[in-house]
Amino acid sequence: MKNPILEYRKELINWVNNLDDLEILSELLALKGKDKSIPLVSEPQEEYAVADDFDERFAKGMTGEEFREKIIEHIDSLPWER
């Protein structure tokens, strides 16, 4: 099923691309300025800022020796056929 909005957009884009009338282009720009349905991108807000806690998470992580032990335990727990 075709989306009629996409077809209308394509038709308008083609029309505007071939348009040379300054008055009509000015009216289109004025219409675009009045359209509030598409919000403008604003500066990032502090509430959305993500704290960089890499050092804290790294300090809580496993040591190399713990990692090796867990790997060996995991390999030993696999159902190997002999």
Side-chain angles (χ1 to χ4, degrees):
M1 183 172 142
K2 286 187 177 183
N3 187 344
I5 292 176
L6 295 177
E7 296 298 320
Y8 293 150
R9 285 181 183 172
K10 288 178 186 177
E11 186 178 332
L12 284 171
I13 288 170
N14 288 333
W15 176 68
V16 171
N17 280 335
N18 297 320
L19 190 60
D20 289 330
D21 189 343
L22 184 59
E23 185 178 330
I24 294 175
L25 288 172
S26 297
E27 290 177 26
L28 287 172
L29 284 174
L31 181 62
K32 178 186 168 213
K34 292 178 185 177
D35 184 19
K36 302 296 181 197
S37 65
I38 302 173
L40 299 175
V41 176
S42 62
E43 292 295 318
Q45 299 175 358
E46 287 186 26
E47 65 187 75
Y48 296 111
V50 177
D52 182 18
D53 62 344
F54 175 79
D55 294 328
E56 294 172 19
R57 290 183 290 127
F58 187 79
K60 293 178 185 176
M62 284 189 243
T63 64
E65 186 60 35
E66 290 172 329
F67 179 70
R68 277 188 225 100
E69 288 174 10
K70 289 206 179 266
I71 292 292
I72 292 170
E73 286 175 19
H74 176 70
I75 292 173
D76 289 341
S77 71
L78 294 174
W80 300 105
E81 293 184 24
R82 296 183 187 238

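Residues D76 and I72 meet the side-chain proximity criterion, which asks for heavy atoms closer than 4.5 Å.
Residue-environment remark: CD (E7) exceeds the threshold of 12 foreign heavy atoms within 6.0 Å. E56 CD: 12 or fewer foreign heavy atoms inside a 6.0 Å radius.
In summary, K70 and E73 do not engage in a salt bridge, as defined by a charged side-chain N under 4.0 Å from a carboxylate O.
Hydrophobic clustering of Ile, Leu, Val, Met, Phe, Trp and Tyr side chains at less than 4.5 Å, counting indirect connections, keeps L31 apart from L19. At a threshold of 4.5 Å between side-chain heavy atoms, the hydrophobic network of Ile, Leu, Val, Met, Phe, Trp and Tyr places W15 and L25 in one connected group.
Listed by first then second residue, pairs satisfying ring pair (Phe, Tyr, Trp, His ring centres under 6.0 Å) with a partner in residues 57-79 read F54-F58, not counting sequence neighbours.
Taking the side-chain contact (heavy atoms from CB on, under 4.5 Å) definition, one finds that I5 meets it with N3, R9, sequence neighbours left out. Under the rule for a salt bridge (charged side-chain N to carboxylate O under 4.0 Å, His left out), D55 has no partner lying at least two apart in sequence or in another chain.
Once rounded to the nearest 0.5 Å, the distance linking CG of L6 with CD of E11 reads 13.0 Å. The line from CG of L12 to NZ of K10 is 13.0 Å long, rounded to the nearest 0.5 Å.
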